[in-house]
Asker: 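Can you read through this structure? Questions will come right after.
Every chain is numbered from 1 and lettered A, B, ... according to where its sequence line falls, protein lines coming before strand lines. Just so we're clear, the structure is a prediction, and the values are computed from it rather than from any experiment.
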There are 2 protein chains.
Amino acid sequence: MTSDSIWAPLFQRLKTTTGAADQDLQALAALPIALRNYRENQTVLRDGEQPSECCLIADGFCVRSKTIADGRRQILSIHIPGDLPNLQNLHYGTVDHDLVALSDCTLGFVGHRALKDLIRERPGVADLFWRDTLVDAAISREWIVNVGQRSTYNRLTHLIVELRERLRLVGRVIDNTFAIPLTQEQLGEAMGVTSVHTNRILRDLRVDGVLELQRGTVRILNEHKLQELAQFDGRYLHLSPLS
Amino acid sequence: MTSDSIWAPLFQRLKTTTGAADQDLQALAALPIALRNYRENQTVLRDGEQPSECCLIADGFCVRSKTIADGRRQILSIHIPGDLPNLQNLHYGTVDHDLVALSDCTLGFVGHRALKDLIRERPGVADLFWRDTLVDAAISREWIVNVGQRSTYNRLTHLIVELRERLRLVGRVIDNTFAIPLTQEQLGEAMGVTSVHTNRILRDLRVDGVLELQRGTVRILNEHKLQELAQFDGRYLHLSPLS
DNA sequence: CGCCCAACACAACAAATGTTAAGTCGCCGA
DNA sequence: TCGGCGACTTAACATTTGTTGTGTTGGGCG
């Protein structure tokens, strides 16, 4: 994997969603970055750890998750190529959740020292990163709405539409088909329901001709119905520089 | 209200949770700030708005909330004196939720221009603010866990314990009694359940001798039971500079 | 090739939560 | 002082979701 292809999804996203200056991106691309491969289900960061690097997802899918005392697990966010899932550790030491690879992944690691120096040197980079963490927070808030208020049926479509919009940004949607490499158990953990119930809802969506999910790939059967169910308003993704 | 008392809760929190430099705090206190009073239920920021100021809660309680198409509402976070609930608008223009006063409130408003200048001039202030938004995000993630995985009974105790810890930081807990000025309907909106069910759970907690909630004030009846139910692990609040 | 195991599928029943409806309480303003 | 209204309380019933259990499927690996 070349330096270009490591940074490509992040830069692609930043260029369309922010007014990122080319010099700032070049400065990023010049950072020393260590590539590491993770396998499906491998833990990248563990709750309580104090990492000294931030990671960039170059390829593959990861999730943030938390496990509570009785063993139940909640998936907090799904991360895709171009995401920086632990920028927050630049400002506080301890991760308060797990980061787990959903699929085989390639991650790039950049040391805090180098990042902090770059941020001081280039306020534009600080702005890009800060904004990125704020959009991440906005996505978390919408996730709360999804889990708290939408019916499971609508909830699943909303989750899928959000993921599709984010995957589009980094060129991962082809022919309206895209990867969502979560098992039904994991989808349930993302939605706050059991795998049995997730299975019920997926069957309903299939029977109703809305969408199909097979071996980690979504196929949209009826875009109109999908939109109607998801009630997706993407403003919270802040896709344009001024929004 | 004097300039001191406006900034006091924020400074109190920053001093214990971060290694805030006195000069940075003094620079903050010197910012031009416009006080405005809001009444119970008054909307401070409306979804879709493009504010040109950030606000500081000097006194009172606010909530962030989102309303979906069918009218259901989800409360996303509870904000207390010392909170900066819309710092994110420094980096993207549009608010993607409502901010509503729960009680009569006094808010201080500082213009984006002045804040941005200060941030450029004093990287220490930028760090304080960035960290603040990151802790806000961590609280949102725990909120997802609460709504997604905990039983309603445990969920309510967790919400209450979190609020107590945050209120303690700004000196708003006296004799283990503190304000939580949400109606049962609003508590339900925070937890993703109906007001009827909230009422049931509150009765159970009262009958079980855990806590009582009357006219917006919590009284803890059995601290040990409360802890057991809430399973509260405050690490996500990042209360000390190194955590 | 055939075994094995995780993921998927689905049914029956149990538990949690929502809905609707009714009545009570307590405060504020006319 | 009284009336009204929003918040609280509770019950009965409906619906959603969880639990348990039992098969099936499909792909990796000896």
Asker: Among D:dC8, D:dT10, C:dC8, which nucleotide sits nearest the side chain of B:Q184?
Answerer: D:dC8

Asker: What I want to find out is whether A:D47 reaches B:R235 closely enough, with some N-O distance under 4.0 Å, to be called a salt bridge.
Answerer: yes

Asker: In whole angstroms, how far is the P atom of C:dT17 from the CD1 atom of B:I201?
Answerer: 6 Å

Asker: Side chain of A:R72 only, please: which of C:dT17, C:dA9, D:dT19 is the nearest?
Answerer: D:dT19

Asker: Salt bridge between B:D83 and B:R64, side-chain N to carboxylate O under 4.0 Å?
Answerer: no

Asker: Can you tell whether the side chains of A:E162 and A:R150 come within less than 4.0 Å, N to carboxylate O?
Answerer: no

Asker: Tell me the interatomic distance from B:E185, atom CD, to C:dG18, atom P, rounded to whole angstroms.
Answerer: 12 Å

Asker: Grab the NE2-P distance between B:H197 and D:dT16 for me, whole Å please.
Answerer: 16 Å

Asker: When we call it a touch if two heavy atoms are under 4.0 Å apart, what does B:T152 touch: a base, just sugar-phosphate, or nothing?
Answerer: sugar-phosphate

Asker: Between B:R164 and B:E223, is the salt bridge (Lys or Arg N to Asp or Glu O under 4.0 Å) condition met? List the steps.
Answerer: CA-CA 12 Å; B:R164 180 178 64 176; B:E223 178 65 28; 2.8 Å; yes

Asker: What's the angle between the local helix axes at either end of the helix from C:dC1-D:dG30 to C:dA30-D:dT1, using five pairs per end and rounding to 10 degrees?
Answerer: 40°

Asker: Does atom CG (A:D70) have a neighbourhood of more than 12 heavy atoms from anything else shown, all under 6.0 Å?
Answerer: yes

Asker: Counting side-chain heavy atoms from CB outward, which of D:dA7, C:dC10, D:dT19 is closest to A:R200?
Answerer: D:dT19

Asker: Please determine whether a side-chain nitrogen or oxygen atom of A:N199 lies at a distance below 4.0 Å from atom OP1 or OP2 of C:dC8.
Answerer: no

Asker: Distance check needed: C:dA6 P versus A:E40 CD, whole Å only.
Answerer: 12 Å

Asker: Take atom CE of A:M191 and atom C1' of D:dT16, then tell me their distance rounded to the nearest Å.
Answerer: 14 Å

Asker: Respond yes when some side-chain nitrogen or oxygen of B:T194 is under 4.0 Å from OP1 or OP2 of C:dT19, and no when none is.
Answerer: no

Asker: For A:Y92 and B:H238, take the angle between the two ring planes, folded into 0 to 90°, and tell me which bin it lands in: parallel under 30, tilted 30 to 60, perpendicular over 60.
Answerer: parallel

Asker: Do other residues, nucleotides or ligands put more than 12 heavy atoms under 6.0 Å from the CZ atom of B:R168?
Answerer: yes

Asker: Which whole-number value in Å describes the distance from A:L182 CG to C:dA6 P?
Answerer: 18 Å

Asker: Just to be sure I understand the rule, does A:V196 reach a base, reach only the sugar-phosphate, or reach nothing, if contact means heavy atoms closer than 4.0 Å?
Answerer: base

Asker: How are the rings of B:Y236 and B:F232 set to each other: parallel, tilted or perpendicular (split at 30° and 60°)?
Answerer: perpendicular

Asker: Expressed as a whole number of angstroms, how long is the span from B:N41:CG to D:dA7:P?
Answerer: 7 Å

Asker: How many whole angstroms separate atom CG of B:D204 from atom C1' of D:dT10?
Answerer: 12 Å

Asker: Ignoring backbone atoms, test whether B:R215 places a side-chain nitrogen or oxygen under 4.0 Å from the OP1 or OP2 oxygen of D:dA7.
Answerer: no

Asker: Could you tell me whether B:G192 contacts a base, only the sugar-phosphate backbone, or nothing, with contacts defined as non-hydrogen atoms closer than 4.0 Å?
Answerer: sugar-phosphate

Asker: If only side-chain N and O atoms of B:S195 are considered, is one of them under 4.0 Å from the OP1 or OP2 phosphate oxygen of D:dA7?
Answerer: no

Asker: In terms of side-chain heavy atoms of A:V193, which of D:dA7, D:dT17, C:dG18 is nearest?
Answerer: D:dT17

